[in-house]
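What follows is a short report on a single structure.
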Protein chains: 2
Amino acid sequence: MGSMAWDTDATREKLLDAAITEFSDRGFSGARIHQISRISGCNRERIYFYFGGKAELFEAALTRELVTALDDLPIVGSGPVAIADFAGRYFDLSRSRPSLARLTFWEGLEQGHPVGAETRALRAANKVSEIRGALPALSEAAAEDLLLTIVTLCHAWVSSPNVPLVITGTPDDERRRASIIRTSELLARDAPGMASQPS
Amino acid sequence: MGSMAWDTDATREKLLDAAITEFSDRGFSGARIHQISRISGCNRERIYFYFGGKAELFEAALTRELVTALDDLPIVGSGPVAIADFAGRYFDLSRSRPSLARLTFWEGLEQGHPVGAETRALRAANKVSEIRGALPALSEAAAEDLLLTIVTLCHAWVSSPNVPLVITGTPDDERRRASIIRTSELLARDAPGMASQPS
DNA sequence: TCAATCTCCAAACGTCTGGTTGGATTTGAT
DNA sequence: ATCAAATCCAACCAGACGTTTGGAGATTGA
């Protein structure tokens, strides 16, 4: 009758959420299946039923978190300031959802091969197009380099806190945000026709 | 006098070298004590004799690799070009000894607290002074930000290859090197008092 | 209602892990 | 030759790990 069957989707979601948390905190090797089941409130066995194993769960968690990365961050307006604005919003996103940056680094350090490479490459390419739309003077390669620099700086800030700690003392979010924004703007301004370019 | 009984220092060194390799490759959780003993050629038990345990060996390996980081990389000359040159050499160093960058990220992601913080802070401060010596127009904070940006970009390039892969396709060392150098130079030029920047 | 099906869970399994131990073997000094 | 220290080695330990299993309880269709 009307009453709902088992809420199997909710179980999957709870497991995925817990997996994202645990894998983001401790990486693949450090994550514990027992801990994921504990914080999800589900039984350990459900992981194997729904996902197959630890490795597959890692992939599923990674996919879910990474694929939607650049989506909600359009570049509005045009010119270097629009790029700087985008960088600021990407910084804020990385700050508010550090699992994205951390999972990215875990993936690179532990796993090696990127999951969902095609999808991510596609979204990255779209973002590069957006950048070039806002900065027609930029070459394709320069736009890629710029996006890579912005993403790298934001990710590293949230996932590698001790380098900042050692260099600048107590980390200061606002200050770093301003620095990254400034860097992005300078790079955006550094286009052929606006200044002399490196070969 | 003369010759020593057993070359105990060599044993320590072999263990440390192997530990650096293994920890750099797989991180703390992923590294296997058995593997370290294997590639060092020493017995597993020697690790506990000399270092106490896995955690202490990790600290020792990290210390040895990180503390000497910025030492052999003086800033020669002055002006933005000197900074760009430094960035290029730091890039080359990171490329040729990736364990430095990787261990730094492992430390940040897994461990949290920086090992040898005081020593590293001191050397970083020295480097900041050097930068300011080459660029008197830069404020202390700006010099710190600049150093942090250079180090971050170089480290991330060698330890997080999939972001570049997804954004630019096949990674190109020379191209990235040029991009980081250009970024450093732009940042170095962006100082109060240098209102207009000729290239 | 009955039986089939699905979700969940507790317990168990086999393996691997970091770490320990005791003794055999090597080495240089005396 | 003898001694002591350094090393190796094999076995062992207890705990943690990822994974599997057997069945209990809930749900559904007839």
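Proteins come first, then strands; the chains are lettered A, B, ... in the order of their sequence lines, and each starts at number 1.
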Under the criterion ring-ring contact (aromatic ring centres under 6.0 Å, His included), I'd like the reasoning laid out for B/Y90 against B/H155: C-alpha separation, chi angles, the key distance, then a yes or no.
CA-CA 9 Å; B/Y90 196 82; B/H155 283 190; 5.6 Å; yes

Return the CG to NZ distance between A/L73 and A/K127, rounded to the nearest 0.5 Å.
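Answer rounded to 0.5 Å: 6.0 Å.
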
Compare side-chain N and O positions of A/T11 against OP1 and OP2 of C/dT7 and report whether any pair is under 4.0 Å apart.
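No, no such contact exists.
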
Quick one: is D/dT7 close enough that its OP1 or OP2 comes under 4.0 Å of any side-chain N or O from B/Y50?
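So the side chain of B/Y50 is within the cut-off, an N or O lying under 4.0 Å from OP1 or OP2 of D/dT7.
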
Lys/Arg cation over aromatic A/F51: A/R12, 6.0 Å, 45° cone
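Verdict for A/F51: a cation-pi partner in A/R12.
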
Would you call B/R64 and B/D17 a salt bridge, taking side-chain N to carboxylate O under 4.0 Å as the test?
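Answer for the salt bridge query: yes.
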
Looking at A/K54 and A/E22, is any side-chain nitrogen of the basic one under 4.0 Å from a carboxylate oxygen of the acidic one?
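Judged by the 4.0 Å cut-off on N to carboxylate O distance, A/E22 and A/K54 do not form a salt bridge.
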
Under 4.5 Å between any side-chain heavy atoms of A/V115 and A/E107, yes or no?
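In short, these two side chains touch, coming nearer than 4.5 Å.
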
Round to the nearest Å and state the distance from [X] atom [atom1] to [N] atom [atom2].
X	N	atom1	atom2	result
A/I47	C/dC9	CD1	P	12 Å
A/K54	D/dA16	NZ	P	15 Å
A/R38	D/dC17	CZ	C1'	16 Å
B/R12	D/dT7	CZ	C1'	16 Å
A/R46	D/dT19	CZ	C1'	14 Å

Using heavy atoms and a sub-4.0 Å distance, could you list which residues of residues 25-36 of chain A are near DNA chain D? By number, please.
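The answer is A/A31, A/R32, A/I33.
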
Is there a donor-acceptor pair under 3.5 Å between the side chain of A/T63 and the backbone N or O of A/E59?
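Looks like yes, one N/O pair under 3.5 Å.
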
Counting only pairs under 3.5 Å, give me each side-chain donor-acceptor contact of residues 79-88 of chain B, with atom names and distances, residues two or more places apart or in other chains.
residue, atom, partner, partner atom, Å
B/D85, OD2, B/R89, NE, 3.0
B/D85, OD2, B/R89, NH2, 2.9

Listing time: all N or O pairs from protein to nucleotides 11-13 of chain C that are below 3.5 Å?
residue, atom, partner, partner atom, Å
C/dA12, N6, A/R44, NH2, 3.1

Anything under 30° is parallel, anything over 60° is perpendicular, the rest tilted; go ahead and classify B/F58 against B/F28.
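Ring orientation, 0 to 90° scale: perpendicular.
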
If you look at every strand shown and take non-hydrogen atoms under 4.0 Å, does B/F49 touch a base, only sugar-phosphate, or nothing?
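The answer is nothing, as B/F49 stays clear of every strand by at least 4.0 Å.
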
